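Keep in mind that what you see is a predicted model, and the values were worked out from it rather than measured.
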Amino acid sequence: MRIGNLLLVGIIMVGTAYADDAARKKTVTSQYYVDTAVETKQPVVSAETGNYVITYPNSAGTDTEHNEAGEINKRHISTTLTVGNNGGDGINAAATDIPTVGAVNTGLNGKQNKLSGTAGKLVTYGGASGEVGSADVYNESGSYSTQTNALVRASHVNSAVANGFAGLLTCNSWEPGHTNDADYCLTYSVNTDVLSGTYVPHN
């Protein structure tokens, strides 16, 4: 009998709760209450394929491009910095994407540190990736003997070739009666004095 009483009480309570819930569903409310309750709610975020983050509305405008309060935008997360490549989720990267730390590190690993050195010198390749060297540019106002490893300009090479043809061979003897006439030269002297300035101009 006691169990029966408890069971009956339970049925009455469930029935009362159901009746109260049904009554609440039928309760009439004001338009103001509905409007006020709805305006504070965020639209349900829809599902999206790919890796994206949600961003705030662009402005408080009145157009239809997700600018109203409560509307949301999206920004793609990319594992590459190269526009057009697969961003890691099957979606090509765009210029407006948010890169991952890995994408930034990969991009930085392929960059050269800023060069610093002496003005006027040329940059040369080093023995390892990322390493560089330097080389002097030949200065015609300096001593040739101190610049034997410098790189010459095209104008200096051109001068050296022209001077070489003109100054390498000097006529040493002529046919009798034709002294200093190049057409009658019998023997030549070879100028081997590189420091003389015959070939590459210097001071």
Side-chain angles (χ1 to χ4, degrees), residues 50-59 61 65-67 73-174 179-183 185-203:
N51 297 324
Y52 287 90
V53 296
I54 295 174
T55 61
Y56 284 107
N58 294 331
S59 67
E65 307 213 349
H66 304 291
N67 289 339
N73 290 294
K74 64 181 180 180
R75 186 73 64 85
H76 184 234
I77 302 172
S78 178
T79 58
T80 178
L81 297 179
T82 305
V83 173
N85 281 7
N86 184 351
D89 55 0
I91 298 172
N92 288 342
T96 56
D97 282 4
I98 299 174
T100 62
V101 172
V104 173
N105 287 339
T106 299
L108 291 176
N109 289 338
K111 299 297 182 181
Q112 174 73 48
N113 290 332
K114 287 186 176 180
L115 300 178
S116 62
T118 305
K121 290 194 173 186
L122 299 177
V123 180
T124 59
Y125 283 100
S129 177
E131 294 182 359
V132 295
S134 63
D136 290 314
V137 178
Y138 184 80
N139 185 350
E140 60 184 314
S141 64
S143 170
Y144 175 84
S145 60
T146 62
Q147 304 182 84
T148 54
N149 292 323
L151 304 177
V152 295
R153 295 180 173 87
S155 61
H156 291 161
V157 175
N158 293 339
S159 297
V161 172
N163 292 338
F165 281 115
L168 176 63
L169 300 177
T170 303
C171 189
N172 189 48
S173 64
W174 298 263
T179 302
N180 294 326
D181 189 339
D183 292 335
C185 186
L186 296 177
T187 59
Y188 290 89
S189 296
V190 178
N191 184 1
T192 59
D193 185 5
V194 176
L195 299 180
S196 66
T198 300
Y199 304 113
V200 180
H202 61 85
N203 65 347

Looking only at heavy atoms, what is the nearest atom pair of Val137 and Gly120, with distance? CG2-O, 3.4 Å
Whether the side chain of Asp89 engages the backbone of Asn51 through a donor-acceptor N/O pair (distance < 3.5 Å, no angle test) should be reported. yes
Whether the side chain of Asn73 engages the backbone of Tyr56 through a donor-acceptor N/O pair (distance < 3.5 Å, no angle test) should be reported. yes
Apply side-chain contact (heavy atoms from CB on, under 4.5 Å) to the pair Thr100 and Ile77, showing each step before the final yes or no. CA-CA 7 Å; Thr100 62; Ile77 302 172; 3.7 Å; yes
Residues which pass ring-ring contact (aromatic ring centres under 6.0 Å, His included) with Tyr52, listed by chain and number, not counting sequence neighbours: His76
Under the side chain to side chain donor-acceptor pair (under 3.5 Å) test, which residues partner Thr187, sequence neighbours left out? Ser173
Go through the steps for Gln147 and Asn139 under the test side-chain contact (heavy atoms from CB on, under 4.5 Å), then give the verdict. CA-CA 8 Å; Gln147 304 182 84; Asn139 185 350; 3.4 Å; yes
Return the minimal non-hydrogen interatomic distance between Thr96 and Arg75, and the atom names on each side. O-CD, 2.7 Å
Just wondering, are more than 12 heavy atoms of other shown residues or ligands nearer than 6.0 Å to CG in Asn149? no
Could you tell me whether the side chain of Ser134 and the main chain of Leu122 form a donor-acceptor pair under 3.5 Å? no
Which heavy atom of Asn172 sits nearest a heavy atom of Cys185, and at what distance? N-SG, 4.2 Å
Donor-acceptor pair, distance only, cut-off 3.5 Å: does the side chain of Asp97 make one with the backbone of Ala94? yes
